[in-house]
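Notes follow the structure.
Worth knowing before you read on, the calculation uses all heavy atoms, side chains too, and leaves out hydrogens, waters and symmetry mates. In the text below, chain A, chain B and the rest are named by the order of the sequence lines, each starting its count at 1.
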Protein chains: 2
Amino acid sequence: MNANAAALAHIVDDDEAIRDALAWLFETRGVVSRGWPSAETFLADYVDAMHGCVVLDIRMDGMSGLECFDRLLALGCRMPVIFLTGHGDVPLAVATLRKGAYHFIEKPFNDNELVNVVIEALRHDAAARELEAAQATVASRLASLTAREREVMELILAGKLNKVIADQLDIAMRTVEVHRSRIFEKMGVRSAVELSQLLARKN
Amino acid sequence: MNANAAALAHIVDDDEAIRDALAWLFETRGVVSRGWPSAETFLADYVDAMHGCVVLDIRMDGMSGLECFDRLLALGCRMPVIFLTGHGDVPLAVATLRKGAYHFIEKPFNDNELVNVVIEALRHDAAARELEAAQATVASRLASLTAREREVMELILAGKLNKVIADQLDIAMRTVEVHRSRIFEKMGVRSAVELSQLLARKN
DNA sequence: CCCGACATTGTGGAAATCCGCAATCCGCCC
DNA sequence: GGGCGGATTGCGGATTTCCACAATGTCGGG
């Protein structure tokens, strides 16, 4: 099952009737979903490349939604997580939200409101994924630099002249120029200012 | 009363006994505070330069804590706001946190925990203020640029050569150089890369 | 009218950057 | 040993950037 190919709303709830009802509800608004009967099964299949959002019931047999959330966080999951609960209390809601949960919704909920939240979460994930892809490209270019090139790059970004860098590293100015040229080539830029702008977009 | 000079924990609660108890509690941990008997009195004195955090009771005679929060947001208040409530429910907690409240604490609360939250909020505010001050300096330098200089600056930051900028704006290359020099002077930098780095830190 | 800010331009020369071509040395791996 | 990648360097010439000094024209405000 290729859960990576498209953005899905992952419904994690041990109650099959609820999973089906939610799937149906989401479908009426064009949201593709997948149901998981337990936190364990979802986590077993979880991979970083999963796109979309997680609709997570708090109270389940076996692993709870909260434990599942902690696990997802530990795994570096960036999908927005929407908690559903029939038995929440304020400290719990506050704690999960402050831990980074996307939303916390009590049952019974307004159908439309939930779908709106899901759609918004999917959008959020899409935007985050796009930014991540761009940043990964930059990161891989950075990874292609040799240690020396990285050293010279820092000095370039600090605005130092080639001759100053040469003095500082006790090398010839021509060598600085060579490194500089190689750095720009690998990073796909033509000048120090372009490089700076590229890296600013990464962070 | 100069509430701007130092970072204070602003206690907004119509119950004087609670205000005093909190003030005393905060004082035991070295936190300076000021009590306000109502949202209205606090808002009447509110100025942007107030530093610290706001400890806000939700249920008060007159204006509620929630209305007060909305007002603060509308005024662009960046102080962290900690809600205290004896009668909160989950949707309320979720809504305020998603609106940007710093924390939401139910009464009765653990004294130590509340002070920890306040201290953390004060730290948060201090860091945010520092960043803001640095950004304001850059912003005011940017504001000192003429329209033409700003136009040329964008092109410089795009990595374009002086001769390309000259062609694009249909002016002499010497003119581009003059603008360039004036821009760097006003922005307090010596090169395009320094300028780029400075602006990246602003955003 | 006068003044100041802004935009523009020119001259000539210095400084900084860029680069093709070529070469050497070192360390690592097969 | 041979090959490869990385670091280093030199030469000479081209391009780009920088700048002191000077000047002109326009616009807005007193």
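- Regarding contacts with the backbone of D:dA7, every side-chain N or O of A:Thr175 stays at 4.0 angstrom or more from both OP1 and OP2.
- Between B:His179 and C:dT8, a side-chain N or O to OP1/OP2 separation shorter than 4.0 Å is present.
- With C:dC6, D:dT8, D:dT17 as the choices, the nucleotide that has an atom nearest any side-chain atom of A:Arg148 turns out to be D:dT8.
- Taking for each of B:Leu161 and A:Leu169 the nucleotide of DNA chain D with the nearest heavy atom, the 5'-most of the two is the partner of A:Leu169.
- Between B:Asn162 and the phosphate of D:dT17, there is a side-chain N or O to OP1/OP2 separation shorter than 4.0 Å.
- With rounding to whole Å, B:Arg182 atom CZ is found 7 Å from C:dC6 atom P.
- Side-chain atoms of B:Arg180 lie closest to D:dT17 of the nucleotides D:dT17, C:dT9, D:dT9.
- Counting heavy atoms from C-beta on, the side chains of B:Arg182 and B:His179 never come closer than 4.5 Å.
- Side-chain atoms of B:Glu149 stay outside donor-acceptor range of the base of C:dC6, with no qualifying N/O pair under 3.5 Å.
- Donor-acceptor pairing under 3.5 Å, judged by distance alone, is present between the side chain of B:Arg174 and the base of C:dG10.
- Ring planes of A:Phe83 and A:Phe104: tilted class, angle from 30 to 60°.
- Distances shorter than 4.0 Å separate none of the side-chain N or O atoms of A:Thr146 from OP1 or OP2 on D:dG5.
- Side-chain contact between A:Ile171 and A:Arg148: present, with at least one pair of heavy atoms (C-beta onward) separated by less than 4.5 Å.
- For the pair A:Ser181 and A:Lys163, both in contact range of DNA chain C, the more 5′-proximal nearest nucleotide belongs to A:Lys163.
- Using a cutoff of 4.0 Å between basic side-chain nitrogens and carboxylate oxygens, B:Asp167 and B:Lys163 are not scored as salt-bridged.
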